[in-house]
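Note that the coordinates shown come from a computational prediction; the quantities given were computed from them, not determined experimentally.
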Amino acid sequence: MPFTKNQIITLEIEALSNDGNGVAHKDGQAVFVPLTAPGDVAEVRIVKPMKTYAFGRVEKLLTAGPGRVRQDCPVAGPCGGCGLRHISYEAECAAKTQFVRDAFARLGKLDVPVSDVLGAPNTNRYRNKVQLPVGVSKGRAVTGFYRGRSHQVVPCDDCLLQPEEAAIAARLLCRHIDLHRIPIYDEGAHRGLVRTLFVRVGAASGQVMVVVVINGKFLPRADELVASLREMLPGLVSVQLCHNTKRTNVVLGDSFTTLWGKPYLEDALLGTTYAISAPSFYQINHDQCEALYLEAAKFASLTGSERLLDLYCGIGTIGLSMARQCKELVGVEVVEQAVL
């Protein structure tokens with residue numbers, strides 16, 4: 001029998017779905033419950049009943065599962081970024097390993113061995129790029145992240161996954177906006193100027209790039225913002241405007257203006273230094289990227305006589321990480337901006 005909206009039932013969470021929701025079953029139907037952990041027993045309110053499954057939310061946690069931990073971020077619930085901040089990293093790795101096993105077994109109908117996830121040595125401050133939409137809260141400029149399944153900005157002063165430089169840049173930009181009464185972009189009306197703050201930090205080099213995405217050509221009193229960024233960010237090497245005047249959800253536009261420094265920063269992976277522009281693709285987690293490339297090289301088993309093709313190469317990090325182990329390396333990329 002299908003569930004009804006607002007019905008409250010007691011469920012035990014059995015596993016996590018690949019989008020991070022807890023999964024339970026009742027009367028032969030699956031119920032997906034955000035922010036739950038395997039082993040949780042909870043009273044759950046049905047918020048969206050379907051014919052053969054339903055979505056619910058926790059009304060009361062009765063018993064915590066063994067992998068549940070206390071959330072250490074004040075906006076981890078409303079924010080659409082961290083769907084697994086409420087479980088331990090060990091439980092997260094186990095769940096992700098199981099996602100891959102299920103994909104092979106259930107979807108691919110393949111019986112293949114799947115190794116455990118290679119866990120990261122550091123689970124905080126590991127991201128080297130952040131895109132912070134700019135919004136308004138209580139009449140003041142704020143940056144943060146979108147609420148799940150929406151474009152409503154949830155203010156966040158500092159995200160534990162992001163480099164501290166991003167939080168500093170965000171505070172300076174918001175202060176600049178408020179001081180000079182600069183209009184913030186309204187996505188629905190396609191009006192206003194400041195859309196997004198984009199920050200890159202070289203994990204190995206410490207270099208910092210700050211890009212302000214605007215719906216126009218100029219940022220008022222931009223020289224003052226540059227001065228404050230230079231004062232507060234010792235590793236700063238690039239301040240840019242990105243011009244995105246299209247009515248689109250895409251963050252970056254096609255044209256950039258360098259306000260100070262260079263149009264790129266430099267960072268190193270496995271001994272090779274790269275010049276990375278704002279639109280260039282670069283793996284978010286530097287340490288895990290190096291671990292990934294080392295594993296890929298093991299699987300490649302290069303002998304030094306091969307021509308190695310790096311297809312859709314971007315700036316070429318994968319191929320260049322193995323260049324010393326092959327005779328010739330050829331990178332192929334059709335998007336010019338992705339290479340620069």
Side-chain angles (χ1 to χ4, degrees), residues 73-75 78-81 127 129-148 150-201 208-263 265 277-279:
C73 175
V75 297
C79 169
R127 292 181 63 93
K129 183 187 82 171
V130 55
Q131 298 174 161
L132 295 169
V134 181
V136 179
S137 178
K138 299 178 181 179
R140 301 185 69 86
V142 296
T143 60
F145 300 94
Y146 289 133
R147 189 179 298 274
S150 80
H151 270 207
Q152 178 189 354
V153 176
V154 176
C156 180
D157 293 331
D158 184 24
C159 172
L160 296 177
L161 302 188
Q162 315 293 350
E164 293 177 293
E165 291 88 347
I168 294 171
R171 287 196 295 271
L172 295 175
L173 176 61
C174 289
R175 186 181 71 181
H176 186 80
I177 290 170
D178 291 337
L179 180 63
H180 299 296
R181 299 182 180 181
I182 300 171
I184 294 168
Y185 182 69
D186 182 323
E187 187 176 295
H190 189 48
R191 289 197 300 266
L193 184 65
V194 182
R195 301 175 72 133
T196 307
L197 174 67
F198 176 105
V199 179
R200 278 195 193 273
V201 178
V208 180
M209 170 193 292
V210 175
V211 182
V212 182
V213 184
I214 60 173
N215 176 42
K217 294 182 178 181
F218 307 102
L219 179 70
R221 312 289 282 272
D223 56 332
E224 295 180 16
L225 177 62
V226 169
S228 61
L229 289 169
R230 292 181 65 186
E231 178 183 358
M232 298 302 296
L233 296 172
L236 190 69
V237 297
S238 177
V239 182
Q240 301 176 56
L241 295 178
C242 175
H243 309 281
N244 184 356
T245 58
K246 296 180 180 178
R247 193 165 195 157
T248 176
N249 291 334
V250 176
V251 174
L252 295 181
D254 297 327
S255 64
F256 294 80
T257 299
T258 301
L259 298 177
W260 176 84
K262 305 175 293 188
L265 61 71
S277 67

For Pro220, the option from Leu225, Ile182, Ile177 that meets side-chain contact (heavy atoms from CB on, under 4.5 Å): Ile182
Side chain to side chain, Lys246 and Asp254, heavy atoms closer than 4.5 Å: yes
Ring geometry between His190 and Tyr185 (parallel below 30°, tilted from 30 to 60°, perpendicular above 60°): perpendicular
Residue pair Val134, Val153: steps toward the side-chain contact (heavy atoms from CB on, under 4.5 Å) verdict: CA-CA 7 Å; Val134 181; Val153 176; over 6 Å; no
Any Pro133 side-chain heavy atom under 4.5 Å of Glu187 side chain: no
Beyond-backbone contact of Met232 with Arg171, side-chain heavy atoms, under 4.5 angstrom: no
Expected output: side-chain Asp186 to main-chain Gly192 donor-acceptor under 3.5 Å: no
Taking every non-hydrogen atom, the tightest pair across Ala278 and Val211: CB-CG2, 4.1 Å
Euclidean distance, Leu229 CG relative to Ser238 OG, rounded to 0.5 Å: 10.5 Å
Heavy-atom check, side chain of Arg175 versus side chain of Leu172, under 4.5 Å: yes
Closest non-hydrogen atom pair, Arg195 against Thr248: NH2-O, 3.0 Å
Other residues, nucleotides, ligands: >12 heavy atoms within 6.0 Å of Asp158 CG: yes
Student check: side-chain heavy atoms of Cys159 and Phe145 closer than 4.5 Å: yes
Nearest-0.5 Å distance, OG1 of residue Thr257 to CZ of residue Phe218: 8.0 Å
Spatial distance of atom CH2 (Trp260) from atom CG (Leu236) [nearest 0.5 Å]: 4.5 Å
Shortest non-hydrogen contact from Thr245 toward Gly216: CG2-N, 3.6 Å
Taking every non-hydrogen atom, the tightest pair across Val136 and Val142: N-CG2, 4.0 Å
Heavy-atom side-chain contact between Val226 and Arg230 under 4.5 Å: yes
Closest heavy-atom pair and its distance - Tyr146, Val154: C-CG2, 4.5 Å
Gap between atom CG of Leu193 and atom NZ of Lys217 - 0.5 Å precision: 13.0 Å
Distance, nearest 0.5 Å, that separates CG of Leu241 from OG1 of Thr258: 9.0 Å
From CG (Leu173) to CG (Leu132), nearest 0.5 Å: 9.5 Å
Shortest non-hydrogen contact from Ser277 toward Arg200: O-NE, 3.3 Å
